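These notes are about the structure you will find just below.
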Amino acid sequence: MDKRLSSWDNKFLSFAGRLQLVRSVLSSMHIFWAAAFLIPSYTAKEIEVKLRRFLWGAKQERKVNAKVSWKKVCLPMLEGGLGIRGECRMG
């Protein structure tokens with residue numbers, strides 16, 4: 001996943017482009033590996049952090065200010081969220 005994230009340069013992608021990549025490619029990768037292997041909770045949290053940072057356009061290890069809480073982002077679109085499923089931890 002790190003390899004994929006590093007190959008997509010955030011400065012050339014709009015928020016909508018990053019959202020589409022998170023929805024289609026990155027969440028699918030996460031779901032596939034979680035179904036194929038037992039992923040430790042630490043690893044699942046780390047993946048979630050990487051997805052959040054990519055979505056909000058964070059560079060490297062710099063702090064990023066999220067526009068909306070991750071809990072809201074993970075809601076279905078009919079409930080006002082962005083429809084990101086699978087990788088969102090509600091706890």
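Along the sequence shown, residues are numbered consecutively beginning with 1. Values in this document were obtained by computation on a predicted structure and should not be read as measured data.
Interatomic distance, CD of Glu48 versus SG of Cys74, reported as 6.5 Å (0.5 Å rounding). The distance from the CZ atom of Arg23 to the CG atom of Leu82 is 6.5 Å, given to the nearest 0.5 Å. Note that CG of Leu51 and CG of Leu21 are 11.0 Å apart. Values are rounded to the nearest 0.5 Å.
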Subject >> Leu55/Trp70 under side chain to side chain contact (heavy atoms under 4.5 Å, CB included): CA gap, chis, key distance, verdict >> reply: CA-CA 10 Å; Leu55 181 64; Trp70 190 244; 3.7 Å; yes
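The hydrophobic cluster containing Val68 does not contain Val49, counting ILVMFWY residues as joined when their side-chain heavy atoms lie under 4.5 angstrom apart, directly or transitively.
In terms of the side chain to side chain contact (heavy atoms under 4.5 Å, CB included) criterion, residue partners of Ser24 (sequence neighbours excluded) are, by chain and number, Gln20. Remark: Tyr42 pairs with no residue by the ring-ring contact (aromatic ring centres under 6.0 Å, His included) rule, at least two apart or across chains. With sequence neighbours excluded, the residues forming a ring-ring contact (aromatic ring centres under 6.0 Å, His included) with Phe15 are Trp56, listed by chain and number.
Looking only at side-chain heavy atoms (C-beta outward), Ile47 and Trp33 stay at 4.5 Å or farther from each other.
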